[in-house]
Number of protein chains: 4
Amino acid sequence: MAGNSFGQAFRVTTAGESHGPAHVAIIDGVPPGIPLTVDDLMVDLDRRRPGQSKIVSQRNEPDVPEILAGVFEGHTTGTSLAILVHNRDQRSRDYSNIKDLYRPGHADYTYDAKYGFRDYRGGGRSSARETTVRVAAGVVAKKLLARAFGGHVLGYVVQVGDVRADIADPAAVTFDQVERLADGEANVVRCPDHEAAARMVELIEAMRSDQDSIGGIAEIVATGVPAGLGEPVFDKIKADLAKGLFSLPAVLGVEYGSGFGCATMRGSEHNDVFVAAESNSRQRPIRTDVARLAAESNRHGGMLGGITSGMPLVLRAAVKPTSSLPQTQRTVDRSGAAAEIQTKGRHDPCLLPRFIPMAEAMVAIVLADHWLRAKGQCLDSPALP
Amino acid sequence: MAGNSFGQAFRVTTAGESHGPAHVAIIDGVPPGIPLTVDDLMVDLDRRRPGQSKIVSQRNEPDVPEILAGVFEGHTTGTSLAILVHNRDQRSRDYSNIKDLYRPGHADYTYDAKYGFRDYRGGGRSSARETTVRVAAGVVAKKLLARAFGGHVLGYVVQVGDVRADIADPAAVTFDQVERLADGEANVVRCPDHEAAARMVELIEAMRSDQDSIGGIAEIVATGVPAGLGEPVFDKIKADLAKGLFSLPAVLGVEYGSGFGCATMRGSEHNDVFVAAESNSRQRPIRTDVARLAAESNRHGGMLGGITSGMPLVLRAAVKPTSSLPQTQRTVDRSGAAAEIQTKGRHDPCLLPRFIPMAEAMVAIVLADHWLRAKGQCLDSPALP
Amino acid sequence: MAGNSFGQAFRVTTAGESHGPAHVAIIDGVPPGIPLTVDDLMVDLDRRRPGQSKIVSQRNEPDVPEILAGVFEGHTTGTSLAILVHNRDQRSRDYSNIKDLYRPGHADYTYDAKYGFRDYRGGGRSSARETTVRVAAGVVAKKLLARAFGGHVLGYVVQVGDVRADIADPAAVTFDQVERLADGEANVVRCPDHEAAARMVELIEAMRSDQDSIGGIAEIVATGVPAGLGEPVFDKIKADLAKGLFSLPAVLGVEYGSGFGCATMRGSEHNDVFVAAESNSRQRPIRTDVARLAAESNRHGGMLGGITSGMPLVLRAAVKPTSSLPQTQRTVDRSGAAAEIQTKGRHDPCLLPRFIPMAEAMVAIVLADHWLRAKGQCLDSPALP
Amino acid sequence: MAGNSFGQAFRVTTAGESHGPAHVAIIDGVPPGIPLTVDDLMVDLDRRRPGQSKIVSQRNEPDVPEILAGVFEGHTTGTSLAILVHNRDQRSRDYSNIKDLYRPGHADYTYDAKYGFRDYRGGGRSSARETTVRVAAGVVAKKLLARAFGGHVLGYVVQVGDVRADIADPAAVTFDQVERLADGEANVVRCPDHEAAARMVELIEAMRSDQDSIGGIAEIVATGVPAGLGEPVFDKIKADLAKGLFSLPAVLGVEYGSGFGCATMRGSEHNDVFVAAESNSRQRPIRTDVARLAAESNRHGGMLGGITSGMPLVLRAAVKPTSSLPQTQRTVDRSGAAAEIQTKGRHDPCLLPRFIPMAEAMVAIVLADHWLRAKGQCLDSPALP
């Protein structure tokens, strides 16, 4: 039943299969008057697409989106926005080798279990290619956050296999550190600790030689978010952010703030102490009649009781190693008979670098949704004419 | 904006504040004909309530629910079900000490930031007492799962502070192991590894003496769930389960299967190998025309591509140490001025034991929702008369 | 599947059966800070309840609501509001005469067809008694409209059988004209044309003597509503208003503005001419940067393209004659065998007088919902601190 | 806020403006395995499109849809279906004459009031061209109804101006009578009373000569619908059908069964008498354990208590005269200054003939949605493997 929409006030609905004609997103609830062009969308679509570097999949698709509706004279109209991305690289491949086999770690069997059959070409609807249009929707959300309250969402890689980055202050990481190395070269692994980044690249290349893959962890930070977003009970902001991140392929864990580390902590060391915030700080509530507070530390990851606290939001997602492997793996066919499978084609030996823009998109979409929800219910109305 | 409902087909809506007259849940979409009594509800409400043992809060509330609607002659009618739990233990306490202070780790400030003011009595809407009616809704969901496909949801504690349980097979843990020790005494910490359980109790008691608290990790397992539940994109079953668990108070992390451990694994060691399932096994798809498969291992935690695989679902949630502490903590008041606070009253030094029925409820509610959704869309219709 | 909720931003969810313990509504999304007391709720609950006069049902229930949640120190908190109304007049009647019979014009058979069985006591969930809590929710919505933009919703009876009222200007009708006659006596039929009202009362009394019932038409007017509420496509304001009115029992038709009369009109006579509005008029848009317009006439009933125009909203609903009749009617029993039925008990020979507060409630709820939706998406944000 | 989606289980989301690149619909929740081709879609798209005859708009657009997603090897996959229709006839017209004027009877002013500006080309989002993709979605819904229970939806014109058709039995009208005259010629006005049809055509042609337009009434009938669809309270089937019809442009009234005629009827003449249904009749409930009933008459229009009764559903919608007129009309400009306007271009002097497939689509979508909802909640589950 209808499970291809996300969000209530800022609602994204998608369709599309890996080897079908196109992917399309309808984005509903966008405020009118936001400047939006195809070039805006290209920034993150280029970060998401394959073929950017030697460590990611070589499938080379330009991914130029078309804005079909909802923009007039360069601005959003307030009516539903439609963005289409054609699947240009549809090789007429021979799928007979995977048509009747269930690839390990993939959704082949579970789709059959649910629907009775599936579009087996390149994973069909389960392909991560679906995230192209989510990333485009994320750009719209990011523009909304920037205009509404100067909000900013940035993700980066903090772990690949055993290589861990050392990030002193998540809120201080810059887009440039994530995308570029000191010498101006592309930071292909998107880890802002450039020393660790070099070792991550090495590890990923070793995986490729081994016909293997490797997992990792991404961290996503939202800054400038005012206190007061999120709903107290079911639609806690942490719950919707977690749903957004878990809705991405290959995510097996999500945590925020101290995360799983909280299990071994005492309350007296875990509680963050509130202090008054500087009047020019980024910490402020959505209500004008409430004090500006900050916290001396951020083990609460910017969320308390399901509502943002004004401190930076800090989340992490664990991403499994790519399931598609060039090496031979054991499996079964549609009848349940034992078989072997080799997944040819262009696959990333590590999903993390391209996961970053997808994760940013989902976080931005959740924040845009909750901003509009809070604005409708809780902000004072401007006086009517 | 409307954030007090959860689920699409099996939809739970709640209201209530800690020290208001009552909590109430309306459960919509329940199939007709399910036997349901107040005694059914009491089982899990008793597991959730305070005062069960020396290691949990001593607030002693019987929590006897009333079924206000939706049940006739002992069976659900198919129309909306309403369950009310009175807040009987409303002491006319003096709240002047916390009325104008922001308790560390609590939602006091974030509620003010959002709404401009708050019901400060015992946490108001942010109190975990709200979960009483969720737990009641969870009982209804559990009955539905049992009738629909023999499904079963069970949670237990796997870590408190540094004490970790050793669980050989999550799917083999029994309700009895969770609730009772070998000698028949109550297993107050709800850890099925009874040797670890004893050390957890010791640690929790030490925390109470220290006027402190401690975090931990819960594991929730769903067995008997057929392959085919969940939606491919946004409403992935893992995404909805994560949202459900993150919607509970104090949860800072959720993972399933290999979880964060996947970060250091290779694809060749992470992928689980499919095999044919025995024809009498619990592994089976919702479609009658598809083979019964199992997997040799369960690093995928029973979910692939957002859809259940037929293997047991295994999730873990990290729960922070109780924020309310008897010891003095630094904070600020509503004006932002520095202040000190001591939280008196009855608080659990460790939230984990009572978290178990809450987590089970949310998992059961998500599975009931996705079962009804899959049944509506994907199952063959029985012939009409 | 979950069909007991209404609205997106201002969302009402209800439960309850005619002869169960209570009806309850949870109202989600209410802005914080609205003053609300039980006395506020009583005004419309008293207009809705039976036993007000000789022409309505004599079932005498005080219908005193309890506010279970969502109000603190006399103001809405912004969290979900719960209102409960006990069903005090639950006579332990003998229902054996209708238990196995299908009453003509009622939902007995259709409930059985859907659910397999039903709560047969007094109509169970299908009883109009369910509207008590909707009426209570409507009071909350009315208070919101009044505060947000001075909006006001008023309904009245324009036709009973062949007796038609003459209403010169729907927007000029007052609450007093609807509720009181010139001599200060209660206007029991709620028709503001008091001459027609007298003839309507006569007709209704004749129906009672005849052991029969009669249909009629209600008109509902919303004034002060700014231009700009409603969504262009599916959630047109006219569509949501119609859904709201059709969700009430016994409604067989809804029209607005010229309504069915438009069928015989030419475009040149139907189009209303726009003119500039006085700067102190009630006609104004929600956007401060757009001109204030009015129209010379109001055949469009205050809605164009699914969005309010600033002119008064004028709707009409056709309500069928009461199905329950004291006289003997032919029907069948559960097996399909022919039978006779007499519906004893207290029934209104005309539903219209008590329908008015129900219809006002649904119109107010729709407008409150669309106001919050427009405020979230389209109004300029007040500057954050 | 997000208002471009319709339905819960069968959910249609649209985007597109009259003179933008394309309209697109995403249809979510479609069961897997339904055969679907572009040719299937063409049938109703051809009935909806302009240029079919001399009495409708001459804008000649082929409206060939593309299925972008959700169909594989000729069958629906169960994942979201995307249908795109290009707007091929985008003349680079000069809109300076209407850019700053508010057309009477149109949404120009209300869009500005809501969004601050609008896409003024051809009505933008408010154009009835948006219904192309709804009609396509309606075809999918119709196929679902036919497969699920042999359901069928048919609409036709019953009134144009003062010309009324005489329809003895709505459920007996055939598609052929609606689309063809006795001589095989196209029945351009879609009235199955061919004598009346001739007079309607005459009237419409007179309107065109007069540079004027005329309103009318459509009737939509659904046959083969089993008893048991619809929800008791807010999502009554009549409420959702009314919302669907009112969501179409130009609809000012909706009624079903006896409709507004019920106002002058007595209960004793209005109540329909239940009788046992023949075992091979089309009247039957969704539950196998309940008797098959019919009614001797159908003043209840196939719906009781918000749930289908098994009798044919009969609805009527009043459609206003086309607002766009070639003759000069008075209006105002964006500043509120008086102005004159002439709407050039190709407009239907009567909207009714092309309204028919749009109305059928909305009725079919509502029934498909409620069928899936009832199937999920109320039908017995087929045994799992």
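Any value given below was found using the heavy atoms of this structure, including those in side chains, with hydrogens, waters and symmetry copies removed.
- In this structure, no portion of F10(D) lies under 4.5 Å from any heavy atom of chain A.
- In this structure, chain D has no heavy atom under 4.5 Å from any part of H23(A).
- The two residues A69(A) and G16(D) come nearest to each other via the heavy atoms CB-N, 3.3 Å.
- Here K243(A) pairs with D235(B), D240(B) under the salt bridge (Lys or Arg N to Asp or Glu O under 4.0 Å) rule; sequence neighbours left out.
- The heavy-atom pair separating R118(D) from F72(A) by the smallest distance is O-CE2, 3.4 Å.
- For a heavy-atom cut-off of 4.5 Å, chain D lies close to no residue in residues 367-377 of chain A.
- Residues I26(D) and T14(A) share a closest heavy-atom pair of CD1-C, 3.9 Å.
- Heavy atoms closer than 4.5 Å to chain A are found nowhere in I27(D), neither backbone nor side chain.
- Contacts of T76(D) with chain A are made by backbone atoms alone, with heavy-atom separations under 4.5 Å and no side-chain atom involved.
- Note that CZ of R11(D) is 7.0 Å distant from OG1 of T13(A), once rounded to the nearest 0.5 Å.
- Taking CD of E130(D) as the start and OG of S80(A) as the end, the distance is 8.0 Å to the nearest 0.5 Å.
- The minimum heavy-atom distance linking A2(A) with Q8(D) is given by the pair CB-O, 3.3 Å.
- Of all heavy-atom pairs between F117(A) and T77(D), the closest is CZ-CA, 3.8 Å.
- Ranking A82(D), G70(D), P32(D) against chain A, the residue ahead of the rest is P32(D), based on heavy-atom pairs under 4.5 Å.
- With chain D as the partner, the residue from V24(A), V71(A), I67(A), T79(A) showing the most heavy-atom pairs under 4.5 Å is T79(A).
- Across E66(A), R125(A), H75(A), E73(A), the residue that shares the most heavy-atom pairs under 4.5 angstrom with chain D is R125(A).
- The nearest pair of heavy atoms linking D28(A) to G3(D) is OD2-N, 3.1 Å.
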